[in-house]
Amino acid sequence: MSVNNPEYDFKWCPGCGDFGVRRALESAIQKRHAATGIAVANNVVVAGIGCSGNMVHLLEGDQPFGIHGVHGRTLPIAMGVKMANPELNVVVVAGDGDFLSIGFEHIGPQAGRNLNVCAVVMDNGVYGLTKGQSSPTSETGMITSSTPYGKIEEKTNPLSLYLTLGVSYVASAMSSKVKSLANTIVEAMEHPGFSIVHVQSPCTTYNDTYELLKGSVKKGIEPLAWPIPEGHDSADIKAATELLNRGGIPLGVLYKDTTRPDFQSRIDAVTKISDSKSTEELLASFAI
Ligand SMILES: Cc1ncc(C[n+]2csc(CCOP(=O)(O)OP(=O)(O)O)c2C)c(N)n1
Ligand code: SF4
Ligand SMILES: [Mg+2]
């Protein structure tokens, strides 16, 4: 099928960062298709609920398989897809609210399993779809519809959280740098285990951070985002942590561990030593 969902009546606001992420994801899936011959339809996009998750209906060109699930539950759904068919390439698309607020509890367990999926998290520091409430990545003190006197909580640092939870591939990117984002998503999809590409994807309506991220010479604003130096050893978790301690938002591949067993090899090992039962035997074992 080569048309996107004509029945889903949703449009991103002009300038929304998610446009760039969409282009990058389309390009990454196409690149993978060109390199491996694997059909676009054999890629599965599992989407969270939010402006970001709506991407699953807005992808253009050849369509991957799409699942628009439940708020915060992209990872359990992605795990189900991988268990049913390990051959499929599964990409999660979710927002900072979906992934880090309601969906937070799923990151640790999937990092522990090293689930072979790639999560593309669009961080705009706000709940965009529901009209601008604060999220875990909103700045402390930020005035939003849910924090009229300023957000009282400390801001979550997602990159440091992913490292702490043991995610085996962690990259940080900007929605406006489409080419480099596409290449990072390809690398993350090929990573043998759980990969997260955390993307700064500004919300032009409720939290326009383009200027803060990129800086402005005219206004004397130093850019918050900076490129990870070429010599960074992404296999070294200490070096990754040191980069984070420099502050701001490092862009690039922060950490990559390809030595850990992935989810599928863990499942295969257990399957080998477990007794296999027929459906009848399984049902009989539940009978009282
Ligand atoms: C169980 C449940 N709780 C709350 C909501 C309402 N809700 C929909 S999207 C959303 C937050 C979206 O924020 P984010 O994930 O950052 O996505 P964005 O719109 O910013 O891309 C919330 C709270 C819901 N749909 N389901
Ligand atoms: S509300 Fe924000 S996140 Fe949602 S489409 Fe508009 S600009 Fe994008
Ligand atoms: Mg958001």
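First listed ligand is number 1; within each ligand, the first listed atom is number 1. All values derive from a computational prediction rather than experimental measurement.
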Going by the 4.0 angstrom heavy-atom rule, the piece of N124 near ligand 2 is side chain

Near C16 (heavy-atom distance under 4.0 Å), the atoms of ligand 2 are 3 (S), 5 (S), 7 (S), 8 (Fe)

For ligand 1, find out whether one of its N or O atoms is nearer than 3.5 Å to an N or O atom of G50. no

For C51, the ligand 1 atoms with a heavy-atom partner under 4.0 Å come out as 18 (P), 19 (O), 21 (O)

_Side chain or backbone, does D98 bring an N or O within less than 3.5 Å of an N or O on ligand 1?_
yes

Subject >> N/O donor-acceptor pair under 3.5 Å between S146 side chain and Q133 backbone >> reply: no

Per side chain to side chain contact (heavy atoms under 4.5 Å, CB included), I49 is matched among D98, V70, N54 by D98

Near G128 (heavy-atom distance under 4.0 Å), the atoms of ligand 1 are 18 (P), 19 (O), 20 (O)

shortest atom 7 (N) of ligand 1-to-protein heavy-atom contact is with T130 CG2, 3.5 Å

The closest protein heavy-atom partner of atom 25 (N) of ligand 1 is I49 CG2, 3.9 Å

E153 backbone acceptor or donor facing T140 side chain under 3.5 Å | yes

T204 heavy atoms within 4.0 Å reach ligand 2 at atoms 7 (S)

Ranked by distance from atom 3 (N) of ligand 1, the top protein heavy atom is H71 CD2, 3.6 Å

Any side-chain to backbone donor/acceptor pair from R32 onto N43? Under 3.5 Å, distance only. no

For G97, the atoms of ligand 1 under 4.0 Å from one of its heavy atoms are 14 (P), 15 (O), 16 (O)

Within 4.0 Å of some non-hydrogen atom of T205, the atoms of ligand 2 are 6 (Fe), 7 (S)

re atom 6 (Fe) of ligand 2, the protein heavy-atom contact at minimum distance is C13 SG, 2.3 Å

Report yes or no: does S27 contribute a side-chain atom to a donor-acceptor pair with the main-chain N or O of R23 at less than 3.5 Å? no

Do side-chain atoms of E26 reach the backbone of E60 as a donor and acceptor pair under 3.5 angstrom? yes

Exactly one candidate in N124, D18, D96 meets side chain to side chain contact (heavy atoms under 4.5 Å, CB included) with C203; the answer is N124

Atom 2 (Fe) of ligand 2 has as its nearest protein heavy atom C203 SG, 2.3 Å

Within 4.0 Å of some non-hydrogen atom of Y206, the atoms of ligand 2 are 1 (S)

Whether E105 side chain and G103 backbone form a donor-acceptor pair below 3.5 Å = no

Nearest non-hydrogen protein atom to atom 4 (Fe) of ligand 2, with distance, is C51 SG, 2.4 Å

Closest to atom 21 (O) of ligand 1 by heavy-atom distance, out of S52, S138, S135, C203, is S52

*Donor-acceptor contact present, side-chain N183 to main-chain S180, <3.5 Å*: no

Verify same cluster id: I29, V199 (apolar side-chain graph, 4.5 Å):
yes

